[in-house]
2 protein chains.
Amino acid sequence: MTYTYEYPHPAVTTDIVIFTILDNALKVLLVKRGGEPFKGQWALPGGFLRMDESIDACARRELREETGVRDVYLEQLYTFGDVGRDPRERVLSVAYYALISSTEQKLQAGDDAAEADWYDVETLPNLAFDHADILAAAKDRLAAKMAYSTVGLQLMPDEFTLSSLMRVYELAGGKILDKRNFRKWILGLGLLEETGKKWSEGPHRPAMLYRVRDKSRVDIIR
Amino acid sequence: MTYTYEYPHPAVTTDIVIFTILDNALKVLLVKRGGEPFKGQWALPGGFLRMDESIDACARRELREETGVRDVYLEQLYTFGDVGRDPRERVLSVAYYALISSTEQKLQAGDDAAEADWYDVETLPNLAFDHADILAAAKDRLAAKMAYSTVGLQLMPDEFTLSSLMRVYELAGGKILDKRNFRKWILGLGLLEETGKKWSEGPHRPAMLYRVRDKSRVDIIR
DNA sequence: TCAAAAGTGTTCTCTTTACACCCATGC
DNA sequence: GCATGGGTGTAAAGAGAACACTTTTGA
């Protein structure tokens, strides 16, 4: 079956930059392309927009297909549409980024994806299409947004220590923070509560575990 | 001539929210639709993406066709793509917003546009499609961005008084500012220089005219 | 001389930054 | 008992907010 229009139409995909924290590093999910073009190269997960779904729904579906997660933070980033960005035909990509906590990853291999893996944002392989540009834009947006909102909390698992949260902020912002100032600030926001449990993982004092009071909220705080 | 694809493709337009300051108010350019759908209703200027131009180039072309201006501040805002937003077929709109100074307006009537006019953002008519949503998003973005960057200067003519600049900030932010604090802040940024000329327009002391040192720059300042 | 907008400094408050030592634990 | 990360308070500096009067002009 074919589809015919009076004027030329571009194809439209959504591509998603899925961030998580793993092994003390900020990581993104990449998939190895199974078909041409860029066969065998790493790329962002994504796929073509269906005519009966909104763009948001498309991104959410792709995210679910790649990682199995739903109900996570997902935000439209930017639309990329330079003329030569796909060698096959004119393709626009509406890019999104998602933040998922390290406990939610399941990595069920998608249909098109021969392989999927988490990559440290600092040491990325060569990426297909203009996906390096998309990823750079996503990193910038994440860093900017973490500085004035509570999105950062979306990267955390259900229970976490303040040190691990601080490491997330340091990774995203690219600079180290003062422990006392960070704790004063984050606790002063009143968004966290103690679980009462403690976390031991080495020859040192165990850390208090905290949780986010209302994880569905992302507030502007500055 | 027709265009045929193996999978269905959406149509893609750019729509532009063109802001300016006129009569002491923040205004947007609206055009009256000459054809169906929404014939006779006001809408944002915009048009279909050509296959040989980038999305940015399309927005810039539409802006030029509607207003005659070029080399103005233009930024991608968001991509709107709900399923029913255009009754004809599936249409995505990559929305942009532009800031032009009140001296640059020429308003040459476009091809499709029977009529074009500036509307105060506070008193808008009913708009075609989901253009009210687009406009609301543009207002929010402009207000947010003016609070942490120097985009506001893009709305000014070549020479302007500090009072008129302050009025722009008050209009965008929706609250009145303190004259002394505003002057201290804006002059402290070092982005403005005195022209040496003065502007008289009533029975009161004339105001110093300033200009922007480097209008092509838009800096993050907070 | 009056009305109207231009122009000008200081004080207070709050936010942000800088900074060093004891605590609890595993080995 | 020692190495390791967890946990805590205070002072200084800087940024933002509050606030009132004099100046210059046209009518």
Side-chain angles (χ1 to χ4, degrees), chain A residues 21 23-25 144 146-150 152 156-157 159-171 173-211 219-222, chain B residues 21 23-25 143-144 146-150 152 156-157 159-211 219-222:
Chain A
I21 302 289
D23 304 330
N24 255 342
M146 280 187 65
Y148 68 83
S149 82
T150 60
M156 306 309 293
E159 304 189 337
F160 53 88
T161 66
L162 292 189
S163 297
S164 63
L165 179 59
M166 186 169 112
R167 235 166 285 133
V168 171
Y169 274 85
E170 289 177 333
L171 288 167
K175 61 167 170 284
I176 63 161
L177 302 172
D178 179 85
K179 192 165 41 158
R180 281 169 293 187
N181 291 339
F182 178 79
R183 295 168 82 93
K184 207 188 324 165
W185 173 70
I186 197 78
L187 291 175
L189 294 175
L191 300 166
L192 304 184
E193 58 187 11
E194 298 187 355
T195 61
K197 297 179 227 165
K198 301 218 168 183
W199 177 255
S200 304
E201 57 155 0
H204 54 82
R205 179 171 173 176
M208 172 66 74
L209 284 166
Y210 289 80
R211 78 168 73 84
D219 293 318
I220 305 297
I221 48 176
R222 264 196 266 248
Chain B
I21 302 289
D23 303 330
N24 255 341
M146 279 187 65
Y148 68 84
S149 82
T150 61
M156 305 310 292
E159 303 189 337
F160 53 88
T161 66
L162 293 189
S163 297
S164 64
L165 179 59
M166 186 169 112
R167 234 167 284 132
V168 171
Y169 275 85
E170 289 176 333
L171 288 168
K175 61 168 171 281
I176 63 162
L177 301 173
D178 179 85
K179 192 165 40 159
R180 281 169 294 186
N181 290 340
F182 178 78
R183 292 174 155 258
K184 207 188 322 166
W185 171 71
I186 198 77
L187 291 175
L189 294 176
L191 301 167
L192 303 184
E193 58 187 12
E194 298 187 355
T195 61
K197 298 178 227 164
K198 300 218 168 184
W199 177 255
S200 304
E201 57 155 1
H204 55 82
R205 180 171 172 176
M208 172 66 75
L209 283 166
Y210 288 80
R211 78 169 71 87
D219 293 318
I220 304 297
I221 48 176
R222 264 195 266 245

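Residue numbering restarts at 1 for every chain, and letters A, B, ... go by the order of the sequence lines. Note that the coordinates shown come from a computational prediction; the quantities given were computed from them, not determined experimentally.
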Using whole Å, report how far [atom1] of [X] lies from [atom2] of [N].
| X | N | atom1 | atom2 | answer |
| --- | --- | --- | --- | --- |
| Ile176(A) | dT17(C) | CD1 | P | 13 Å |
| Trp185(A) | dC14(C) | CH2 | C1' | 17 Å |
| Glu201(B) | dA3(C) | CD | C1' | 15 Å |
| Leu165(A) | dG7(D) | CG | P | 12 Å |
| Asn181(B) | dG7(C) | CG | C1' | 14 Å |
| Leu177(A) | dC19(C) | CG | P | 15 Å |
| Trp199(A) | dT25(C) | CH2 | C1' | 15 Å |
| Asp178(A) | dC21(C) | CG | P | 15 Å |

Between Lys179(A) and Gly202(A), who's closer to the 5' end of DNA chain C by nearest nucleotide?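 Residue closer to the 5' terminus by nearest nucleotide: Lys179(A).
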
Starting at the 5' end of DNA chain C, which residue's closest nucleotide do you reach first, Met208(B) or His204(B)?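 Closer to the 5' end of DNA chain C: His204(B).
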
Whether Tyr169(B) and Trp185(B) hold their rings parallel, tilted or perpendicular, with breakpoints at 30° and 60°: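 Tyr169(B) vs Trp185(B) ring planes: perpendicular.
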
Name the closest nucleotide to the [X] side chain, picking from [options].
| X | options | result |
| --- | --- | --- |
| Arg183(A) | dT8(C), dT8(D), dA24(C) | dT8(D) |
| Arg205(B) | dT17(C), dA6(C), dG9(C) | dA6(C) |
| Arg180(A) | dA18(C), dA17(D), dA20(C) | dA20(C) |

Checking Ile186(A) against Met166(A) for the side chain to side chain contact (heavy atoms under 4.5 Å, CB included) test, could you report, in this order, the C-alpha distance in whole Å, the side-chain angles of both residues, the deciding distance, and whether it holds? CA-CA 9 Å; Ile186(A) 197 78; Met166(A) 186 169 112; over 6 Å; no

Output yes when a side-chain donor or acceptor of Thr150(B) lies under 3.5 Å from a complementary backbone atom of Asp219(B), and no otherwise.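 At least one qualifying donor-acceptor pair exists.
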
Using modelled atom types only, decide if a donor and an acceptor are shared between the side chain of Arg222(B) and the backbone of Ala147(B) within a distance under 3.5 Å.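 Answer holds: yes.
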
Using heavy-atom distances to pick each residue's nearest nucleotide on DNA chain D, tell me which of Leu162(A) and Pro203(B) is more 5'.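 Here Leu162(A) is the residue nearer the 5' end.
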
Most 5' of Arg222(B) and Ser200(B) on DNA chain D, judged by nearest nucleotide: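 Whichever sits nearer the 5' end wins; that is Arg222(B).
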
OP1, OP2 of dG5(D) versus side-chain N and O of Ser163(A): anything below 4.0 Å?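 No, because none of the side-chain N or O atoms of Ser163(A) sits under 4.0 Å from OP1 or OP2 of dG5(D).
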
Which heavy atom of Glu170(B) sits nearest to which heavy atom of Leu177(B), and what is that distance?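 Smallest heavy-atom distance, with atoms named: OE2-N, 2.9 Å.
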
Counting only distance, no hydrogens or angles, is the base of dT15(C) paired donor-acceptor with the side chain of Lys184(A) under 3.5 Å?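 No pair found.
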
